[in-house]
Structure formats: C-alpha cells, structure tokens
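Written below as structure tokens is the structure these notes are about.
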Amino acid sequence: YPHPGALPVTPDLADFGSAKGIWKKADLILKRIFIPKMTMARLYNISPKSWKLPVYYPLRFLDLLKAYSGMGWRLLRHEHLALEKARQENEAVRFTEWLTSSKIG
C-alpha cells in the first residue's frame, strides 16, 4: 500500500474521481471491497474454500480505508490537485489500452 503521506491514484481511484453521482461512486467502492473469492484468497493467503474467507472482507475494507481514504476524500471534495492526478491516471490508462490494442504492421 502507498505511503500514508502520498497521494496515491490508482485506476480505481481515478474512476471514482470521474464517476458521476453517489450511487456510481458507491458501486465502485463495493466492487473493490467485494472482490472474487479466488482473488481474496490469494490476497490474504488462505484457501478459497475456507469457511474463514468471509471474515476477510471487513479486513479488506479496513485495509482499503487505511490506504486510500485520504485521496478518496480529496476526490469527493473536488480538490484541484486530486482531480488533476485522477485525470492524468485516466489518460495513462487509456494510452496503455490504446498501445496494447494497436496492431502492428
């Protein structure tokens, strides 16, 4: 996770910053917390068939809150620097997608 004083902007945070409306933002948050079981199991190094797996979702929420709440709050408040970083991240993602989808030759 990023340094606590840093302004981390992941592609997900950039999407959050550009999302219109509270329901779209809430949907993005829930999708990042409730990731697939296999991904959760890999992330927390437990068996995907473990009965303990659901217990890790609140832990994931706390981990995400700790790592990204600062930037998320700045985006919600429409702070210029945060919005600019989110815009730059969105552009970088689009550029990368363009590069990887281009056919050579």
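Owing to the predicted nature of the structure, the values given are computational and were not obtained by experimental measurement.
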Where [X] and [Y] come nearest, the two heavy atoms and their spacing:
X: A19; Y: L28; answer: CB-CD1, 3.8 Å
X: A14; Y: A86; answer: CB-O, 3.5 Å
X: A41; Y: S47; answer: CB-C, 4.0 Å
X: M40; Y: Y56; answer: CE-O, 3.2 Å

When you compare the side chain of [Y] with that of [X], does any pair of heavy atoms fall below 4.5 Å?
X: D15; Y: T10; result: no
X: L53; Y: Y44; result: no
X: R74; Y: L81; result: no
X: R60; Y: L64; result: yes

Is the closest basic N to carboxylate O distance between R94 and E97 below 4.0 Å? no

CG of L30 to CD1 of I35, rounded to nearest 0.5 Å, is 13.0 Å

| task | Could you walk me through whether K85 and E89 pass salt bridge (Lys or Arg N to Asp or Glu O under 4.0 Å), step by step? | result | CA-CA 6 Å; K85 286 181 169 268; E89 180 62 26; over 6 Å; no

Across all chains, not counting sequence neighbours, the side-chain contact (heavy atoms from CB on, under 4.5 Å) partners of S69 are L65

Same cluster or not: [X] versus [Y], using hydrophobic residues (I, L, V, M, F, W, Y) connected whenever any side-chain heavy atoms lie under 4.5 Å apart?
X: L76; Y: F61; value: yes
X: L59; Y: I29; value: yes
X: V55; Y: L43; value: no

Residues 18-35 vs side chain to side chain donor-acceptor pair (under 3.5 Å), sequence neighbours excluded, gives D12-R32, D27-K31

Backbone of D63 reached by a side-chain donor or acceptor of Y68 within 3.5 Å: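 Answer holds: no.
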
